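Written below as structure tokens is the structure these notes are about.
Fair warning: this is a prediction, and the values are worked out from it, not measured in the lab. Only this structure's heavy atoms are used, side chains among them; waters, hydrogens and symmetry mates stay out. Letters A, B, ... are given to chains in the order of the sequence lines, protein chains preceding strands, and every chain is numbered from 1.
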2 protein chains.
Amino acid sequence: MVKRTGRVTIEEVATACGVSRQTVSNAVNFPERLAESTLAKVRAAITGLGYQPDRSARTMVRGQAGQIGFCVRNGRSEFMTSFLTALCVALADRGSHVLLFTASREDELSVCADLLAQRAVDGFVLADVVDDDERQRWLHGRGVPFASFGRTWSGSAQSGPWVDLDGAGAIAEVVLGLHGLGHERIAFLDWTGSSGAAKDRGRGCATACRDLGLAPPLVVEAAADDPAAAEVSLRRALVGDSAPTAVVGATDTLAVGAARAASAAGLRVGPDLAVTGFDDSALAAAQQPALTSVRQPLDAIVAGLAERLRDPTLDGLLVAGEVVPRESAPIATAAERSRESSGAAAGR
Amino acid sequence: MVKRTGRVTIEEVATACGVSRQTVSNAVNFPERLAESTLAKVRAAITGLGYQPDRSARTMVRGQAGQIGFCVRNGRSEFMTSFLTALCVALADRGSHVLLFTASREDELSVCADLLAQRAVDGFVLADVVDDDERQRWLHGRGVPFASFGRTWSGSAQSGPWVDLDGAGAIAEVVLGLHGLGHERIAFLDWTGSSGAAKDRGRGCATACRDLGLAPPLVVEAAADDPAAAEVSLRRALVGDSAPTAVVGATDTLAVGAARAASAAGLRVGPDLAVTGFDDSALAAAQQPALTSVRQPLDAIVAGLAERLRDPTLDGLLVAGEVVPRESAPIATAAERSRESSGAAAGR
DNA sequence: CTGAAAGCGCTTACAG
DNA sequence: CTGAAAGCGCTTACAG
């Protein structure tokens, strides 16, 4: 006769406060349907017993798992932890949780299909989007809710809603800041085989230089996204009268290499050669001098993703990056510049 | 009359191959109960229709969610991504998934309780264990399955099963390696307010020095776990005839500071002053010269956690760290040492 | 070895 | 505003 489990069911709540289970259900899901006195009575019983609806029972009848799948993959991205944390928060607002799974790039889609077949998730957040992404096509074709973090490049059409950082825009901000510091000869440091996102940053650099009336950036390409490779490639570019005075790295890793090349050439990073990176990694912050970088505004990104999971008809969202000025290039942020210019205007 | 959803139910499979739903259920859960011919027939229908049991329906009737909760929290630990990936793999073996959630340290327990009340998870993997951890006590008291990654220190009793890295053992390995390189004056670099885990590493250093007949390590304490703080504190320790020739850092961050102090003192990191860190972070690898560090063997850790989730009576598990030798202290690994000594034995 | 019955805990129409 | 009925998809005893 003793209950085997400590779980409190809707039935028990109903008995406890002398109403039917349906009324308890209404108290939870449609409180406005109940008379105030009834509602108060039921709610007292609910909190008193610590009742919470069983998720699986709800899922069964509603056909919604209240869970969004996300695939993690090895790799030392410190960014991912913060991203996942932010994603949990953004989804919690709509009562959803993150179901984590892992799979190789090739197997990911079939794991997604399994999760869907088992009704373990309602949809997915996709990261590491590639050109002509088969996950996007597959999910889109079946009407499965999903939102991608990242764009596809090279003109291939993108299925479904997406959110991405405006890399070009952020780098344009950086270049603007460098120009404000007096820099006129700017190099963009990329690497062979870099992603579409890195190329986008390069375009932002070129555009900004043009808009500011500067010469086009000197594009230096390292053999790999690696400090050593970047150092080697940049060293050659640092000699001569027309050598750049500022190096915009496509990644923090490349920027570290740039800083080393500067030191090797007897240049002080910051005063003699400005260096900036991208991603605001711990690496950038721990460098000496610390590297100016660009941070992804996670909250805006995950909020956009959560929104698009709800409404797949929403357009792609480009989120502005946050420039984080440090000693390697103490540029003024957009906020500081506008403050100064308004101050100047007030002084007139 | 058209089905609203693409889901395939057990009923449809049963109809398709002319058996009852119970037989299909048996084919999935107790194949040995079926005649071979029946089994083959049902299986063909299952794969043909792409049937997979609905997880929520299973959860309802079995009372098991097949999900383990894990709380992520902001912080730039690059380690976490790999840990989560490995955890997914380890739990997948027993058909479980990782349900991710986030909460502040104070709220975490109440979120755990909610998840349990909703039967969204069967148990938890706990990280960031603190002394006298209330999560452990609470879960243990209710008989909820959980496994902790990390030990409690300062003598407070630990509830439930745990897995942890043997930090003392790993540092002892490091010291042994340094001794093999000829180092006799060793410093241990810690920081004020460091965790029990860091102190454990310090104990490992002291023990190893004693066992090798060396003088006790010089313990240097930085004001924070920060390269700048470490550099300041160590700089003073680097002067004089009896200055250490090797610095064992309690963390990679501290080791970075040690390397800077060495450079500032005109010492070459590696040849003049050996430096080692802990965690094998990207920071350590990207340093120049690259820093010797200790890696946590994730697969062994998560396997131990998964095992303990199943069987809470298992003892705590101490996992050996993996020493990763790099230029900052090119020590021999345990494997290399045993190879050499056996080679020497063979040559006798 | 196979099948009809009961029930897991909830919600969604539908009567009163 | 409230309650009795049906059903979500599955599995677990229990007969045949």
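Inter-residue side-chain proximity for Thr102(B) and Val89(A) is flagged as met; some heavy-atom pair is nearer than 4.5 Å. Looking at Asp132(B) and Thr152(B), their side chains never come closer than 4.5 Å, going by heavy atoms from C-beta outward.
A donor-acceptor contact closer than 3.5 angstrom is absent between the side chains of Asp54(A) and Gln118(B). Side chains of Asn26(A) and Thr23(A): a donor-acceptor N/O pair is absent below 3.5 angstrom, by distance only. Remark: the Ser148(A) side chain and the Gln136(A) side chain contain an N/O donor-acceptor pair separated by less than 3.5 Å. Side-chain N/O atoms of Gln67(A) and Asp122(A) include no donor and acceptor closer than 3.5 Å.
Distance CG/Asn29(A) to CZ/Arg58(A): 5.0 Å, rounded to 0.5 Å.
Contact annotation for Thr38(B): backbone-only contact, meaning every heavy-atom pair under 4.0 Å involves sugar-phosphate atoms and none involves a base.
Of the side-chain N and O atoms in Arg58(B), one or more sit less than 4.0 angstrom from OP1 or OP2 of dT11(D).
Computed from coordinates, the Asn29(B) CG to dT11(D) P distance equals 5 Å when rounded to whole Å. To the nearest angstrom, C1' of dG9(D) lies 7 Å from OH of Tyr51(B). One interatomic measurement links the two molecules: CD of Gln64(B) to C1' of dT12(D), which rounds to 15 Å at whole-angstrom precision. Residue Leu39(A) contributes atom CG, which lies 12 Å from atom C1' of dC1(D) at whole-angstrom precision. Distance Asp54(A) CG to dG9(D) P: 16 Å, rounded to the nearest Å. As rounded to whole Å, 11 Å separates atom P of dT11(C) from atom CZ of Arg33(A).
The environment of Arg94(B) atom CZ is dense: over 12 non-hydrogen atoms of other residues, nucleotides or ligands sit within 6.0 angstrom.
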>> So if I define the base as every atom that isn't primed, P, OP1 or OP2, how would nucleotides 3-8 of chain C read as a B/S/- string at a heavy-atom cutoff under 4.0 Å?
In response: BB--BB
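In this structure, the nucleotide among dT11(D), dT12(C), dT2(D) sitting nearest to the side chain of Leu34(A) is dT2(D).
Secondary-structure stems of DNA chain D, taken as three or more successive Watson-Crick or G-U wobble pairs (i with j, i+1 with j-1) under a 3.5 Å distance threshold, comprise C:1-3 with D:14-16, C:5-12 with D:5-12, C:14-16 with D:1-3.
In this structure, Phe70(B) and Phe83(B) have tilted ring planes: the angle between them lies in the 30° to 60° band.
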